[in-house]
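Everything on this sheet refers to the single structure shown next.
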Amino acid sequence: MYAKVALFALALSPLVSAHGKVAVITGDLGGNGTALGIMGAVVPGAGPNRKTEVDTTVFNSDNIRTDNDLGHTTKNGNNQLSDLKQAMAQSGDTLPQVSSGGSVQGTYHIVTTDGAGPLEALIDETATGKWSQANQATVSTQPPGHHGNIAASNNKRNLMGRMIGDLTKRAGNVNEDHDFAVQIPAGTSCTGTINGISNLCLVKVSNNNKAGPFGGVFAVQMGANSTTAKKVGRDF
C-alpha cells in the first residue's frame with residue numbers, strides 16, 4: 001500500500017503508469033451521471049499519457065474499504081463530495097435512478113494498459129465515503145483485463161517503443177470503451193445528502209491494480225426521489 005502523499009507525488013510524476021475511468025452511468029430507472037473528477041470531452045482519448053490521464057481517479061489505498069478515499073486526479077487534486085456539482089454539469093440534472101435490487105450500468109473507459117478490469121464495487125448507503133461500512137456489490141458486467149492489465153490496442157508499436165515503455169514504466173494508450181454494470185443489493189436504502197440532493201448512495205469501483213488503483217466514485221439516487229434531483233440540481 002502506498003502512503004497518500006507518496007502516491008499523490010507519483011500521480012504528478014512523469015513515470016506514473018496508467019488509468020481507467022468511469023465515463024458514463026445510467027440507472028435501471030433512468031437518469032445518468034459520471035464519476036467525480038471527470039472533465040468530459042475536453043480530455044483526449046488517444047495521445048500522450050500526460051494529456052489522456054488528467055481526469056482519471058487514482059485511489060490512495062489498494063484496500064477498497066479505506067474510509068474517505070474518494071481518490072484524486074492529476075488535474076484537480078483530491079476528489080470531494082461537493083464535486084457532484086461538476087459531475088452533474090457534465091451529465092444533466094437527473095442522477096442515475098436506481099431501485100433496490102436493480103442495477104447501474106455504464107461505460108468504463110480504459111485509458112492505458114493498467115487501467116483495465118476486473119472491477120470491485122462497494123455501495124455506501126450514507127453517501128459519506130465510509131467505505132469500511134459499505135455493502136459489497138457484484139460487478140455483473142466486467143470490462144476486460146487481468147489484475148487490472150490489458151494489452152495495448154495499438155499493436156504497431158515498434159520494438160524500441162516497447163523497450164522505452166518498459167524502461168520508464170509507462171503504460172501504452174488503449175483508448176477503449178467497455179460496458180460495466182453493478183448490481184444494487186436488495187434491501188439497499190440510500191439515505192445520503194450531497195449539495196442539497198437527498199436519497200443518495202455512493203458507488204465506488206476500483207480495479208485494485210497495484211500501480212493505482214484506478215476507477216471512480218459516483219452518486220446514484222433511489223428512483224422515488226427523481227423529481228427532487230431535478231429541482232435541486234438546477235439550483236447550482
Side-chain angles (χ1 to χ4, degrees), residues 1-4 6-25 35-38 45-46 48-50 52-67 69-74 79 104-123 131-132 134-155 157 161-183 203-218:
M1 186 191 313
Y2 293 101
K4 180 176 180 180
L7 184 57
F8 186 68
L10 282 174
L12 296 176
S13 161
L15 296 183
V16 70
S17 59
H19 297 76
K21 62 185 179 183
V22 178
V24 180
I25 315 108
L36 302 180
I38 295 295
N49 293 10
R50 61 185 172 81
T52 62
E53 296 178 343
V54 294
D55 70 338
T56 54
T57 290
V58 185
F59 291 114
N60 300 320
S61 171
D62 58 9
N63 178 0
I64 194 173
R65 289 193 172 275
T66 299
D67 280 340
D69 187 2
L70 302 178
H72 61 266
T73 67
T74 59
N79 292 331
V104 58
Q105 51 277 328
T107 300
Y108 184 82
H109 183 74
I110 301 177
V111 181
T112 47
T113 51
D114 57 2
L119 301 174
E120 296 180 84
L122 295 175
I123 296 182
W131 303 117
S132 63
N135 298 323
Q136 194 77 37
T138 299
V139 181
S140 54
T141 301
Q142 287 278 9
H146 181 68
H147 296 308
N149 297 302
I150 194 171
S153 57
N154 181 3
N155 294 320
R157 294 176 65 201
R162 291 197 299 270
M163 289 174 62
I164 292 173
D166 291 341
L167 288 172
T168 59
K169 299 182 181 180
R170 296 298 289 170
N173 186 262
V174 176
N175 187 30
E176 291 181 357
D177 288 335
H178 293 277
D179 293 338
F180 82 102
V182 177
Q183 297 300 119
V203 182
K204 179 180 182 178
V205 295
S206 171
N207 74 350
N208 206 30
N209 188 298
K210 295 294 184 181
F214 310 107
V217 174
F218 54 91

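Geometrically, Lys204 does not engage Phe218 in a cation-pi contact, judged by NZ or CZ lying under 6.0 Å from the ring centre and within 45° of the ring axis.
Closest non-hydrogen pair, Thr56 versus Gly20, comes out as CB-O, 4.3 Å. Nearest heavy-atom pair across Trp131 and Asp69 is NE1-O, 3.2 Å. Smallest separation of non-hydrogen atoms from Gly145 and Ala116: CA-CB, 4.0 Å. For the pair Thr74 and Val54, the tightest heavy-atom approach, listed with the atom from each and the gap, is OG1-CA, 3.1 Å. Taking each heavy atom of Ala121 and Val182 in turn, the nearest pair found is CB-CG1, 3.9 Å. Taking all atoms of both residues into account, the shortest heavy-atom contact from Gly216 to Ala35 is CA-CB, 4.3 Å.
For the residue pair Thr57/Asn79, the side-chain donor-acceptor check at 3.5 Å is satisfied. For the residue pair Gln183 and Ser140, a side-chain donor N or O sits within less than 3.5 Å of a side-chain acceptor on the partner. With 3.5 Å as the limit, one finds a donor-acceptor pair spanning the side chains of Ser132 and Asp67. Of the N and O atoms on the side chains of Asn60 and His72, at least one donor lies less than 3.5 Å from an acceptor on the other residue.
No side-chain heavy atom of Glu120 sits under 4.5 Å from any side-chain heavy atom of Val139. At a threshold of 4.5 Å between non-hydrogen side-chain atoms, the residues His109 and Asn175 count as touching. Under the 4.5 Å side-chain criterion, counting only non-hydrogen atoms from C-beta, Leu119 is in contact with Phe180. Residues His146 and Asn149 fail the side-chain proximity criterion, which asks for heavy atoms closer than 4.5 Å. Between Ile25 and Gln105 there is no side-chain heavy-atom pair separated by less than 4.5 Å.
To the nearest 0.5 angstrom, Ile110 atom CD1 is 11.5 Å from Asn173 atom CG. Interatomic distance, Lys21 NZ to Asp177 CG, rounded to the nearest 0.5 Å: 9.0 Å.
A search for side-chain contact (heavy atoms from CB on, under 4.5 Å) contacts involving Asp179 returns Thr141, not counting sequence neighbours.
Under the 3.5 Å distance criterion, the side-chain polar atoms of Arg65 are left unmatched by any main-chain donor or acceptor of Leu122.
Taking the six-membered ring for Trp and the full ring otherwise, the centers of His178 and Tyr108 sit at least 6.0 Å from each other.
Residue Phe59 forms a side chain to side chain contact (heavy atoms under 4.5 Å, CB included) with just one option from Val217, Asn207, Asn209, and that option is Val217. The only option from Val205, Ile64, Asp62, Asn63 that meets the side chain to side chain contact (heavy atoms under 4.5 Å, CB included) definition with Pro213 turns out to be Asp62.
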